[in-house]
Amino acid sequence: MTRVAIIGNSHIGAYMLAREAIEAAFPKVALSFFALPRHSFSSCRYDENGVLIAREPAAEGLPDRIDLSEQDHILLTGQSFAISGLSRMISDFDVLGLDPRGRARSVSLMLLTEFLDFRIERYCEKLARFLRGDPRCVVVPAPFPADGATDLPQDAAAWLEHPSAADLIGLWSDTVDYHMSGLDYGYMPQPDHLTAGPGRSIGAYARAATLAPEQTPAAPDYTHMNSDYGFAHFEAFARQWLGLEPECRPHSPRKEYDNGLGPQ
């Protein structure tokens, strides 16, 4: 049996929803979950025995500690890699050399590049200290906001409507790749088949897609993913990092609903 701990922040919800499907498709995998309170490494303590302990009350239904010494692999999910810095910068400034947006102030592309390099390097330095460079750990960034997202704060996802979104997300991604390559952790960027464009996830994978017709989705429903995403992302992880192929496919009531059959 291969033991996999999925740890992180609220984004582990997609994998928890997909747990039954994942364990059916990968019967040799045993999953454990642990959520970091308030999305912060500082809200946990990693002791000398390999036990990760919450300093504050754990999320409802989750343990307040997990013994990582018993795990074969650790999937650390939901990491931002300082993408909010990119978003705030392009919210306030035009970037010289990229398509203008009519901002009153401008910065050079070189300054933006140096700014991202500084922010992401600091983020990765904190990440390196968190699990003490444990090579069992594979780190994944948080999902991009889903296609169809509305009412997202401009300073949280400003690249979505930027005419040079591909260049901006490419710069951010390349910088993350560079700094993660210097760590002992593995790194798994967002798989291309789960994206709808630069910095945007496929709408069908968002939590918003699973709401009842009478429910109105809010911004978090486009930034948090559903069980279909949890399964698809774990499958990509299992192929690349565990060398495992799924033995079956999950049943998706939502797909039946979208095809006009309704939930079964």
Side-chain angles (χ1 to χ4, degrees), residues 8-9 11 14 39 76-128 138-183 185-206 208 219-225 229 232-233 236-237 240:
N9 46 41
H11 290 290
H39 302 211
L76 178 56
T77 67
Q79 299 309 300
S80 71
F81 290 104
I83 199 169
S84 60
L86 168 66
S87 202
R88 286 194 292 268
M89 180 71 85
I90 62 177
S91 292
D92 294 338
F93 299 94
D94 274 346
V95 181
L96 299 175
L98 299 182
D99 294 327
R101 302 186 70 198
R103 299 293 187 259
R105 299 173 293 175
S106 299
V107 295
S108 68
L109 183 58
M110 179 178 294
L111 178 59
L112 176 62
T113 301
E114 292 178 353
F115 170 76
L116 282 180
D117 187 71
F118 172 75
R119 289 290 304 274
I120 292 171
E121 181 179 29
R122 288 185 61 194
Y123 191 97
C124 289
E125 287 174 350
K126 291 174 63 178
L127 185 62
V138 174
V139 184
V140 300
F144 296 123
D147 193 29
T150 58
D151 299 325
L152 292 178
Q154 180 68 10
D155 64 353
W159 67 85
L160 289 176
E161 305 303 329
H162 198 288
S164 297
D167 294 320
L168 292 164
I169 290 298
L171 174 61
W172 174 81
S173 297
D174 289 346
T175 308
V176 174
D177 286 343
Y178 173 76
H179 287 292
M180 283 301 298
S181 69
L183 303 187
Y185 300 135
Y187 174 62
M188 179 180 161
Q190 183 81 337
D192 289 341
H193 67 281
L194 300 183
T195 63
R200 190 184 294 270
S201 293
I202 295 171
Y205 285 130
D221 296 316
Y222 290 100
T223 57
H224 289 80
M225 301 295 113
Y229 175 92
H233 192 277
F237 164 74
Q240 180 177 353

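Side chains of F237 and V140 form no contact here, defined as non-hydrogen atoms less than 4.5 Å apart. Residues T175 and T113 are not in side-chain contact: their nearest non-hydrogen atoms beyond the backbone lie 4.5 Å or more apart. Looking at M188 and P141, their side chains never come closer than 4.5 Å, going by heavy atoms from C-beta outward.
Within the structure, the ring-ring contact (aromatic ring centres under 6.0 Å, His included) test picks out the following pairs touching residues 76-113 (sequence neighbours left out): F81-Y123, F81-Y187.
Salt bridge absent: R119 and E114 never bring a charged side-chain N and a carboxylate O closer than 4.0 Å.
Looking at H233, its side chain never comes within 3.5 Å of a backbone N or O of Y229 through a donor-acceptor pair. A donor-acceptor pair is defined here as one N or O able to donate and one able to accept, closer than 3.5 Å; no such pair exists between the side chain of S164 and the backbone of D167. Judged purely by atom type and a 3.5 angstrom limit, R101 has no side-chain atom pairing as donor or acceptor with the backbone of H162. Side-chain N or O atoms of R103 include one that pairs as donor or acceptor with a backbone N or O of S91 at under 3.5 Å. Put simply, the side chain of S87 gets close to the backbone of A157: a donor and an acceptor are under 3.5 Å apart. Put simply, the side chain of T195 never gets that close to the backbone of S201: no donor and acceptor are under 3.5 Å apart. Formation of a donor-acceptor pair under 3.5 Å by the Y205 side chain with backbone atoms of P143 is not found in this model. W172 contributes no side-chain N or O that, together with a main-chain N or O of L86, makes up a donor-acceptor pair within less than 3.5 Å.
Applying the side chain to side chain contact (heavy atoms under 4.5 Å, CB included) test between L168 and each of L109, L98, I83, L116 identifies L98 as the sole match.
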